[in-house]
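Each chain gets a letter, A, B and so on, in the order its sequence line appears, and its residues count up from 1.
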Amino acid sequence: MAERAADPASHFIREIIEDDLRSGRHARVVTRFPPEPNGYLHIGHAKSICLNFGLARQYGGVCHLRFDDTNPAKEDVEYVDAIMEDVRWLGFDWGDRLFYASDYFEQLYDFAMRLVEAGKAYVDSLSADEIRAYRGTFTEPGRNSPYRDRSVAENRDLFLRMRAGEFPDGAHVLRAKIDMASSNLNMRDPTLYRIRRIAHHRTGDQWCIYPLYDFTHCLSDMLEGITHSICTLEFENHRPLYDWVLDALDTPCHPQQIEFARLNLSYTVMSKRKLLALVQGGHVAGWDDPRMPTISGFRRRGYTPEAIRDFCESVGVAKRDSMVDVAQLEHHIREDLNKRAPRVMAVLRPLKLVIENYPEGQIEELEAVNNPEDPAAGTRRLPFARELYIERDDFMEDPPGKFFRLAPGREVRLRYAYIIKCERVVKDPETGAVLELRCSYDPETRSGSPASSRKVKATLHWVSVAHAVAAEVRLYDRLFKVEAPEACDDWLATIDPAALTVLREARVEPSLATALAGERFQFERQGYFCVDPDTGPGRAVFNRTVTLRDTWARIQAGPAR
RNA sequence: UGAGGAGUCGCCUAAUUGGUAAGGCACCUGACUCUGGAUCAGGGCAUUGAAGGUUCGAGUCCUUCCUCCUCAGCCA
């Protein structure tokens, strides 16, 4: 009943599937997520993963995880391991349906041989350059290769010998015999097999010929009984070839390829080539750098799988190219963390504050709510004393009108504690820098006490100097300064050096001393943070996942950006 | 310039398949608040890429035009 509201919005792929189920064309859906293990998964893959596994889940079908590992030159086990970890972390399970295109190499070879025998494929001995020259252009048809009419017997022999390793790389390729005049360049006798003397990360030296994507993918789908083969828009032009191969082989089943628009996110790049360049060029600290749009980057940054899944659902599925505002992603992580992250006090840029009329040596244990959104999260005790740290940004000597926080002579509340008043500012006589605030407190205003209802304009977070734990805080922001770095010629130049700010003097409340890597918190009034794996004995490191919505920052930034 | 796709508020996505544009994000107001958070309540005239046409009625159908994306790897 109540779950009605959770019904996912419909989109054209769900409609296709529902039609197929209703008409009996398919009894159940079988989808697949087919990454090539040549890089780490990014948020764009997350959309595809959520789509494929989500569809299977929604309609009671199954989704396969299949590694499309037909290019040993670029692939590596490091990537297959990382990919499996990321898919699992996102919350999906392929059960025993883990496949590798490389497991089909023998069958694929047989299919290719059948094509040869049917006169639908031939061995071409043109060089790569020559093949390109023969292909023609968008406006001119291609020309037939002089080797196009080799006999079946000769093609058989040559293809056999290609496999046997009798030829050097590039000497021959196997091509489909389709139509060199087709307006679709993919149909101008596409290459099916090439010779590559490179060890494969799974098949080792077993093969020296490797099938190409267009030949491999449709047949792999077919062998697995995939019903709906969902891919991105750039493969639209390949669909005729996908269908041609299956038709030419008269396969027992014929999956339907359906294309949707890939995800583009503002202020980041998504192409594998560019992500690789960021890693290899040392512009980030690795694939899991929290500034990266990789799944592992988001994980380290503190994003939750739930937030990423919700986001992927919220952007929808369509055929139109689009660029989603990162703000939409940020909305989902805030929404999720707001409900579940324990609140905690942390001072990022400490400014010392002494309460002159508070007894020296006195310490009070104040009760603090762990999560106002979740009463079950309980409460904890915070030590309060005469010397505290507050945030430097929470004090201004000469505040503008809309600044509600502390200033000389002004009163604010210290969260869960007392109302204090700034009596004096201690400054460096040389530089004029503010070194310390001398304040007074009103003992009657302790939180929860009858007289505590007095109104002040602001409530500040704080930590006790004597009790606080030192921490390193890494402030992460969008990696690029421009909305569409991908569109810039010199995209690397648009990297924002301020996307990472490391604060080494932060002080956090004592309860955080035992926080474990991966744990997430809300630093009150600042944002959501998670414990970085660099954390260890005597060293606490927190990553900022996302800031809280910040009205004051918007006021400061001036009228609407 | 060939072929294949796509154009709906600033950004995403809908629209019972011809019935009079809806939701989320973002933004702005206000209320509330011991987080300038959260929450709640409001708000913005979207001439549906453009022009014609069919129709009582068009975002949906037809025609023409414009713009954008993809394709000339022995990458996927």
**Study point:** Pair assignment for B:U20, Watson-Crick or G-U wobble, requiring both distances under 3.5 Å
**Key:** none
**Study point:** Nucleotide forming a Watson-Crick or wobble pair with B:A41, both distances under 3.5 Å
**Key:** B:U29
Practice item. State whether A:Phe99 and A:Arg32 meet the cation-pi test: NZ (Lys) or CZ (Arg) under 6.0 Å from the six-membered ring centroid, and within 45° of the perpendicular axis. Key: no
Point to revise | Ion pair A:Arg14/A:Glu313, N-O distance below 4.0 Å | key: yes
Revision key, fill the gap. Atom CG of A:Asn264 and atom P of B:U70 are separated, to the nearest Å, by 10 Å
Check your understanding: Is the base of B:G73 syn or anti, where syn means the angle lies within 90° of 0?
Key -> syn
Review point. Near RNA chain B, which residues from residues 311-319 of chain A have a heavy atom under 4.0 Å away?
Key: A:Val315, A:Val317, A:Ala318, A:Lys319
Point to revise | Watson-Crick or G-U wobble mate for B:A72, both contacts under 3.5 Å | key: none
Exercise for review: Show your reasoning for whether ring-ring contact (aromatic ring centres under 6.0 Å, His included) applies to A:Phe529 and A:Phe542.
Suggested key: CA-CA 6 Å; A:Phe529 293 74; A:Phe542 294 89; 7.4 Å; no
Review point. If you check every side-chain atom of A:Asp325, which of B:C11, B:G37, B:G4 has the closest atom?
Key: B:C11
Review point. Take atom NZ in A:Lys421; do more than 12 heavy atoms of anything else shown fall under 6.0 Å from it?
Key: no
Exercise for review: Using the six-membered ring for Trp and the full ring for Phe, Tyr or His, decide whether A:Phe404 stacks on the six-membered base ring of B:G36 (centres under 5.5 Å, planes under 30°).
Suggested key: yes
Check your understanding: In terms of side-chain geometry, is the basic nitrogen of A:Arg454 or A:Glu444 positioned less than 4.0 Å from the acidic oxygen of its partner?
Key -> no
Check your understanding: Whole-Å distance between B:A3 C1' and A:Arg239 CZ?
Key -> 13 Å
Review point. On a plain distance test, is the side chain of A:Arg525 in donor-acceptor contact with the base of B:G36 below 3.5 Å?
Key: no
Study note, to complete from the structure: Relative to its sugar, using the 90° cut-off around 0, the base of B:U17 is syn
Review point. What interatomic distance, in whole Å, is found between P of B:A6 and the corresponding atom of B:G23?
Key: 27 Å
Practice item. With the side chain of A:Thr137 defined as its heavy atoms from C-beta on, choose the nearest nucleotide among B:A72, B:G2, B:G36. Key: B:A72
**Study point:** More than 12 heavy atoms from other groups under 6.0 Å of CZ on A:Arg163
**Key:** yes
Study note, to complete from the structure: The salt bridge (Lys or Arg N to Asp or Glu O under 4.0 Å) partner of A:Asp189 among A:Arg143, A:Arg148, A:Lys177 is A:Arg148
Practice item. With A:Tyr193 as reference, evaluate A:Trp207, A:Tyr210, A:Phe215 under the ring-ring contact (aromatic ring centres under 6.0 Å, His included) test and give the passing residue. Key: A:Phe215
Point to revise | Any A:Ser322 side-chain N or O less than 4.0 Å from OP1/OP2 of B:U13 | key: yes
Exercise for review: Could you tell me whether A:Lys402 contacts a base, only the sugar-phosphate backbone, or nothing, with contacts defined as non-hydrogen atoms closer than 4.0 Å?
Suggested key: base
**Study point:** Carboxylate-amine/guanidinium proximity below 4.0 Å for A:Glu36 and A:Lys74
**Key:** no
Check your understanding: So which nucleotide does B:U35 pair with, by the Watson-Crick or G-U wobble rule with both distances under 3.5 Å?
Key -> none
Review point. How many Å lie between CZ on A:Phe523 and P on B:U35, as a whole number?
Key: 19 Å
Check your understanding: Within this structure, what is the CD-to-C1' distance between A:Gln328 and B:A26, rounded to whole angstrom?
Key -> 9 Å
Review point. Just checking, is any N or O donor in the side chain of A:Thr304 or A:Arg520 under 3.5 Å from an acceptor N or O on the other one?
Key: no
Review point. On a whole-Å scale, what distance lies between the P atoms belonging to B:C68 and B:G49?
Key: 16 Å
**Study point:** C1' atoms of B:U33 and B:A38, separation to the nearest Å
**Key:** 9 Å
Exercise for review: Could you measure between the two C1' atoms, the one in B:G52 and the one in B:A14, and give it in whole Å?
Suggested key: 28 Å
Review point. What is the distance, rounded to the nearest whole Å, between atom CD of A:Glu483 and atom C1' of B:C25?
Key: 13 Å
Review point. Checking all strands, does A:Thr551 fall into the base, sugar-phosphate, or nothing category for heavy-atom contacts under 4.0 angstrom?
Key: sugar-phosphate
Every protein N/O lying under 3.5 Å from an N/O of nucleotides 38-40 of chain B:
{"from": "B:A38", "atom 1": "OP2", "to": "A:Arg549", "atom 2": "NH1", "distance (Å)": "2.8"}
{"from": "B:A38", "atom 1": "O2'", "to": "A:Asn338", "atom 2": "ND2", "distance (Å)": "3.3"}
{"from": "B:A38", "atom 1": "O2'", "to": "A:Glu373", "atom 2": "OE1", "distance (Å)": "3.3"}
{"from": "B:A38", "atom 1": "O2'", "to": "A:Glu373", "atom 2": "OE2", "distance (Å)": "2.9"}

Check your understanding: Does A:Arg381 pair with A:Glu365 as a salt bridge, N-O distance under 4.0 Å?
Key -> no
Review point. Any Lys/Arg nitrogen of A:Asp221 or A:Arg66 sitting under 4.0 Å from an Asp/Glu carboxylate oxygen of the other?
Key: yes
Review point. Which is true for A:Phe403 with a 4.0 Å heavy-atom rule: it touches a base, it touches only sugar-phosphate, or it touches nothing?
Key: base
Check your understanding: Given atom CD1 of A:Ile390 and atom P of B:G36, what is their separation to the nearest angstrom?
Key -> 13 Å
Review point. Taking atom types as modelled, is there a side-chain donor on A:Glu524 or A:His461 under 3.5 Å from an acceptor on the other?
Key: no
Check your understanding: Is any side-chain nitrogen or oxygen of A:His461 closer than 4.0 Å to OP1 or OP2 of B:U35?
Key -> no
Check your understanding: Are A:Lys319 and A:Glu236 within salt-bridge range, i.e. N to O under 4.0 Å?
Key -> yes
Review point. Base, sugar-phosphate alone, or nothing: which one does A:Gln522 contact when heavy atoms must sit under 4.0 Å apart?
Key: base
Check your understanding: Quick one: A:Asp394 CG to B:G37 C1', roughly how many Å, whole number?
Key -> 14 Å
Review point. Using purine N1 to pyrimidine N3 plus N6-O4 or O6-N4 for Watson-Crick, or N1-O2 and O6-N3 for G-U wobble, each under 3.5 Å, what pairs with B:A58?
Key: none
Polar atoms only, N or O, under 3.5 Å: list the protein pairs with nucleotides 74-76 of chain B and their distances.
{"from": "B:C74", "atom 1": "OP1", "to": "A:Arg135", "atom 2": "NH2", "distance (Å)": "3.3"}
{"from": "B:C74", "atom 1": "OP2", "to": "A:Arg135", "atom 2": "NH1", "distance (Å)": "3.3"}
{"from": "B:C74", "atom 1": "O2'", "to": "A:Arg196", "atom 2": "NH2", "distance (Å)": "2.9"}
{"from": "B:C74", "atom 1": "N4", "to": "A:Leu126", "atom 2": "O", "distance (Å)": "3.0"}
{"from": "B:C74", "atom 1": "N4", "to": "A:Ala128", "atom 2": "N", "distance (Å)": "3.0"}
{"from": "B:C74", "atom 1": "N4", "to": "A:Gly170", "atom 2": "O", "distance (Å)": "3.4"}
{"from": "B:C75", "atom 1": "OP1", "to": "A:Arg196", "atom 2": "NH2", "distance (Å)": "3.2"}
{"from": "B:C75", "atom 1": "OP2", "to": "A:Arg194", "atom 2": "NE", "distance (Å)": "2.8"}
{"from": "B:C75", "atom 1": "OP2", "to": "A:Arg194", "atom 2": "NH2", "distance (Å)": "2.6"}
{"from": "B:C75", "atom 1": "O3'", "to": "A:Arg194", "atom 2": "NH2", "distance (Å)": "3.3"}
{"from": "B:C75", "atom 1": "O2'", "to": "A:Asn71", "atom 2": "ND2", "distance (Å)": "2.8"}
{"from": "B:A76", "atom 1": "OP1", "to": "A:Thr70", "atom 2": "OG1", "distance (Å)": "2.6"}
{"from": "B:A76", "atom 1": "OP1", "to": "A:Arg194", "atom 2": "NH2", "distance (Å)": "3.3"}
{"from": "B:A76", "atom 1": "OP2", "to": "A:Tyr213", "atom 2": "N", "distance (Å)": "2.9"}
{"from": "B:A76", "atom 1": "O3'", "to": "A:Asp68", "atom 2": "OD2", "distance (Å)": "3.2"}
{"from": "B:A76", "atom 1": "N6", "to": "A:His238", "atom 2": "NE2", "distance (Å)": "3.2"}

Point to revise | Distance, rounded to the nearest Å, where A:Tyr134 contributes OH and B:G73 contributes P | key: 16 Å
Exercise for review: Please state the P separation for the pair B:U29 and B:C45 - nearest whole angstrom.
Suggested key: 16 Å
Review point. Base, sugar-phosphate alone, or nothing: which one does A:Arg405 contact when heavy atoms must sit under 4.0 Å apart?
Key: base
Check your understanding: What interatomic distance, in whole Å, is found between C1' of B:G24 and the corresponding atom of B:C61?
Key -> 31 Å
Check your understanding: So which nucleotide does B:A6 pair with, by the Watson-Crick or G-U wobble rule with both distances under 3.5 Å?
Key -> B:U67
Review point. From B:C25, B:A3, B:A15, pick the nucleotide closest to the side chain of A:His331?
Key: B:C25
